[in-house]
Amino acid sequence: MADLPLRTEPVPIEPATFANVTIALAPPMARYSLRARDASLLEKAIGRKLPSEIGAISDDALMLGPDEWLLRLPGNTPLALGEGAPVSITDVSERQIAIVVEGASAVQVLQGANPLDLANFPVGNGKRTIFDGVEILLIRETETRFVVEVWRSFAEFVWGTLVKCASEG
């Protein structure tokens, strides 16, 4: 039996390219789930400012709820921690992956299985939502670039649905 390349990601490494959109696996990143009733305690613990509005992104952190943030850092960047405080900081780097949907048709592709009004979804914002029945975090980085954060166990399904939406568009 021939040696097959080891596939470590649940989606193809090579991007799926269509006329007006590309679907690609984002580079690896460190992800931290941050929780605290008092954001200032978290800010002191991690040494960075956190956004104060749900959906807002600031300094690589996305505010998901009144006491919950997701911090996304490039590569395997470790999180330097300050003094101890009553906060929860959990490394969730391996729990999920990011898929980038980029191009002039990105909104239409994502709209194929997502209920949000993505034409009016602000740049620099993120939110929990549903994509074809799967919970995702959707981040709009530019007018034509979105990042879909999805749990690894659902990544292959979401990838396939994205490709299907792109091929039908």
K.L.:
Could you check whether any side-chain N or O of R140 sits under 3.5 Å from a backbone N or O of E143, counting only pairs where one atom can act as donor and the other as acceptor?
P.N.:
yes

K.L.:
Going only through I, L, V, M, F, W and Y residues with side-chain contacts under 4.5 Å, is there a path from M29 to I97?
P.N.:
no

K.L.:
Taking side chain as C-beta onward, heavy atoms only, is V150 less than 4.5 Å from W159?
P.N.:
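With C-beta onward as the side chain, the pair stays apart.
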
K.L.:
Report whether M63 and V87 are members of the same hydrophobic cluster (ILVMFWY, side-chain heavy atoms less than 4.5 Å apart, transitive linking).
P.N.:
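Yes, one cluster joins them.
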
K.L.:
Looking at F154, I'd like to know if its CZ atom is crowded, meaning that more than 12 non-hydrogen atoms belonging to other residues, nucleotides or ligands lie closer than 6.0 Å.
P.N.:
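At most 12 heavy atoms, drawn from other residues, nucleotides or ligands, come within 6.0 Å of this atom.
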
K.L.:
Which atom names give the shortest non-hydrogen contact between V147 and A98, and what distance separates them?
P.N.:
CG1-CB, 3.7 Å

K.L.:
Find the distance between CG (D59) and CD1 (I46) and round it off to the nearest 0.5 Å.
P.N.:
7.5 Å

K.L.:
Closer than 3.5 angstrom, by distance alone: can the side chain of R152 be matched with the main-chain N or O of E94 as a donor-acceptor pair?
P.N.:
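Side chain of R152 to backbone of E94: a pair is present.
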
K.L.:
Ignoring hydrogens and angles, write down the donor-acceptor pairs under 3.5 Å from the side chains of residues 106-113, residues two or more places apart or on other chains.
P.N.:
from	atom 1	to	atom 2	distance (Å)
Q111	OE1	L118	N	3.1
Q111	NE2	N114	O	2.9
Q111	NE2	L116	O	2.3

K.L.:
Of all the heavy-atom pairs spanning V101 and V21, show the shortest one and how long it is.
P.N.:
CG1-CG2, 3.7 Å

K.L.:
Write down the atom of W69, the atom of P66, and the distance for their closest heavy-atom approach.
P.N.:
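Smallest heavy-atom distance, with atoms named: CH2-O, 4.1 Å.
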
K.L.:
For P15 versus T22, what's the shortest heavy-atom pair and its separation?
P.N.:
CB-CG2, 3.8 Å

K.L.:
Cluster question for you: counting only ILVMFWY and a side-chain heavy-atom cut-off of under 4.5 Å, with indirect links fine, are W151 and V158 together?
P.N.:
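In one cluster with W151: V158, yes.
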
K.L.:
Under a 4.5 Å side-chain heavy-atom rule over Ile, Leu, Val, Met, Phe, Trp and Tyr, are F131 and I23 clustered together?
P.N.:
yes

K.L.:
When hydrophobic residues are tied together by side-chain contacts of less than 4.5 Å, even through go-betweens, does F121 share a cluster with I130?
P.N.:
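No; tracing contacts between hydrophobic side chains, which count when under 4.5 Å, never links both residues.
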
K.L.:
What distance separates L64 CG from I54 CD1, expressed to the nearest 0.5 Å?
P.N.:
9.0 Å

K.L.:
Give the minimum heavy-atom separation between P115 and T129, together with the two atoms involved.
P.N.:
CD-OG1, 4.2 Å

K.L.:
Keeping to residues at least two apart or across chains, list the side chain to side chain donor-acceptor pair (under 3.5 Å) pairs with something in residues 27-38.
P.N.:
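Pairs touching residues 27-38 that pass the test: R31-E149, R35-E68, D38-S40.
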
K.L.:
Side-chain contact, heavy-atom cut-off 4.5 Å: L70 with V92?
P.N.:
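Yes, their side chains come closer than 4.5 Å.
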
K.L.:
Out of curiosity, E102 CD to T17 OG1, how far, rounded to the nearest 0.5 Å?
P.N.:
11.0 Å

K.L.:
Indicate the atoms forming the closest heavy-atom contact of S93 with D91, along with that distance.
P.N.:
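Taking S93 first and D91 second, the nearest heavy atoms are OG-OD1, 2.6 Å.
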
